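To start, the structure itself, in structure tokens.
Here is how names work: the chains are called A, B, and so on, in the same order as the sequence lines, proteins then strands, and each is numbered from 1. This is a predicted model, so every value here is computed, not measured.
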There are 2 protein chains.
Amino acid sequence: MISRAESAAATRRALLDAAAGLLDSGGPDAVTLREVGARAGVTRGAPYRHFPDKDSLLTVVAAEALDRLADQVQAVCAEPQASPADKLHRALSALMTVGRRQPHLYRLMFASPAGDPAAVHAAIQAADRAMDAFLAVVGDLVGAQHTRQFAALLLTSAHGITDMEVSGHLSADKWHITAEELVSTLVSMIDRQARSG
Amino acid sequence: MISRAESAAATRRALLDAAAGLLDSGGPDAVTLREVGARAGVTRGAPYRHFPDKDSLLTVVAAEALDRLADQVQAVCAEPQASPADKLHRALSALMTVGRRQPHLYRLMFASPAGDPAAVHAAIQAADRAMDAFLAVVGDLVGAQHTRQFAALLLTSAHGITDMEVSGHLSADKWHITAEELVSTLVSMIDRQARSG
DNA sequence: TTGTTCAGATGACGTTGTCACCTGAACAAC
DNA sequence: GTTGTTCAGGTGACAACGTCATCTGAACAA
């Protein structure tokens, strides 16, 4: 780790990790470029050598998280001994787990990507990859004819369930139902629908 | 409009309107207390006579929007000549219309309320009112037995569909389906499920 | 009439994102 | 090996921001 390129790559990685850590622990307001730089071992101006502005840095953080999610869903899809219904359940669980463990990151992943066009493009591409992996999982379960329709419904609904749970708008007191039960109900309904129609 | 109380109430209203206007046109970053004050005809420190901090002001803006949505859904529910399925469709349309016409406000409404406990409580209460109105609409359609379950599923799913459309993650190119079609599919599925089970 | 309350104005402070400029070391060309 | 260049990083500076302490003047109660 002596060459200039290696050092720069290490700094860039440290900046992204620091930003992700601050986002997790303190929310978007806690992500300040000064603190990001400090945690990465550099000073306030250094991040601008790697990202055009703060929005771009956060968008790249979101893109990396979407890439990890895509990897997880792809891994689920590749499991040989799991049934299609099982795969779907695990893929949706991966999404909800991000929301529960890293709520601020989750909101960033599903926000409109902002900042540098390159960063925005990376985020869109990563989201596309995650959605393609999810499409494959759903395609295993239902006929190819309605794959897109059901996949879109499953994904948007799972996102809505997760998002409202994360924000506290899905309180158990009021609804007497958990996010898991909602997802199960949805999946079984779609399963029935796919079989009958 | 001469008394001190009336003047203060007018200023408070102007502050809320200014904040909502700035949020609509420029997003959360455009909402600065200085500009809010300027648009309301006061100076930067004046908002602190009406709201403890910026978060509380924005949370009250969200609470008022949720109250308006609750009113709309209640009005839909009270329509005499509409069928239950029609009412449900209109209630969900009201939600999606907010998302499309005022995307930044929509995200604020479904975010975790922040700031002053009084403001947070107002937002939670307004959200509860909106959800109660929605529960009534769904109760008209399905049996009382599964009202909560189906209402929760419909609301969270409609939110997810709207949220992903607003953020651009539900591109027509990729999914070949519109938000309306997704909602219709969901409603008809639940309708069938409610009839059969 | 007099004292009080309170909405609003003003000055100030620390923090933030961002830029222009500087420094030193890695690198390429000779 | 010398020399010129590139570029990651450091530093000073700026405007804008949220927030607070303090002041002022008018509405209000006595």
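For the pair A:Tyr48 OH and D:dC7 C1', the interatomic distance rounds to 18 Å; values are reported in whole Å. What separates CG of A:Leu15 from P of C:dG17 is a distance of 13 Å, to the nearest Å. The nearest whole Å value for the distance from the CD atom in A:Glu6 to the P atom in D:dA8 is 14 Å. The nearest whole Å value for the distance from the CG atom in B:Asp116 to the P atom in D:dT19 is 12 Å. A straight line from CZ of B:Arg49 to P of D:dC23 spans 13 Å, rounded to a whole angstrom. Per the geometry, CG belonging to B:Leu57 stands 14 Å off C1' belonging to D:dT19, to the nearest Å. Protein atom CZ of A:Phe51 is 19 Å distant from nucleotide atom C1' of C:dC19, rounded to whole Å. Atoms NE2 (A:His50) and P (D:dA8) sit 6 Å apart, rounded to a whole Å.
Hydrophobic clustering of Ile, Leu, Val, Met, Phe, Trp and Tyr side chains at less than 4.5 Å, counting indirect connections, unites A:Val31 with A:Tyr48.
In this structure, B:Thr32 reaches the sugar-phosphate backbone alone: every heavy-atom distance under 4.0 Å involves primed, P, OP1 or OP2 atoms, never a base. Within the nucleic acid shown, A:Val36 has no heavy atom closer than 4.0 Å to any nucleic acid atom.
Ranking C:dC21, C:dG17, D:dT19 by closeness to the A:Leu33 side chain, first place goes to C:dG17. Between D:dG9, D:dA27, D:dT19, one nucleotide has an atom nearer to the side chain of A:Ser7 than all others, and that is D:dG9. Listed nucleotides C:dG8, D:dG9, D:dC17 differ in distance to A:Thr11; the shortest reach to its side chain belongs to D:dG9.
Side chains of B:Asp24 and B:His104: no donor on one and acceptor on the other come within 3.5 Å. B:Arg100 and B:Thr162 are not linked by any side-chain donor-acceptor pair at a separation below 3.5 angstrom, with hydrogens and angles left out of the test. Between the side chains of B:Arg34 and B:Thr43, no donor-acceptor pair is found at a separation under 3.5 Å.
Overall bending of the helix from C:dT1-D:dA30 to C:dC30-D:dG1, expressed as the angle between end axes built from five pairs apiece, is 10° (10° steps).
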task: Go through B:Glu35 and B:Thr32 one step at a time and tell me if the side-chain hydrogen bond (donor to acceptor under 3.5 Å, both in side chains) criterion holds.
output: CA-CA 5 Å; B:Glu35 184 63 24; B:Thr32 147; over 6 Å; no
message: If you apply the rule salt bridge (Lys or Arg N to Asp or Glu O under 4.0 Å), what do you find for A:Arg129 with A:Asp71, and how did you get there?
response: CA-CA 9 Å; A:Arg129 220 167 65 79; A:Asp71 289 342; 2.7 Å; yes
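A 6.0 Å sphere centred on NE2 of B:His176 holds more than 12 heavy atoms belonging to other residues, nucleotides or ligands.
Side-chain atoms of A:Arg34 and base atoms of C:dT15 include no donor and acceptor less than 3.5 Å apart. Put simply, the side chain of A:Arg44 and the base of C:dT16 share no donor and acceptor less than 3.5 Å apart.
Position along DNA chain D of the nearest nucleotide to A:Ala46 versus B:Asp53 favours A:Ala46 as the more 5'-ward residue. With the nearest nucleotide of DNA chain D identified for both A:Gly45 and B:Pro52, A:Gly45 has the one nearer the 5' end.
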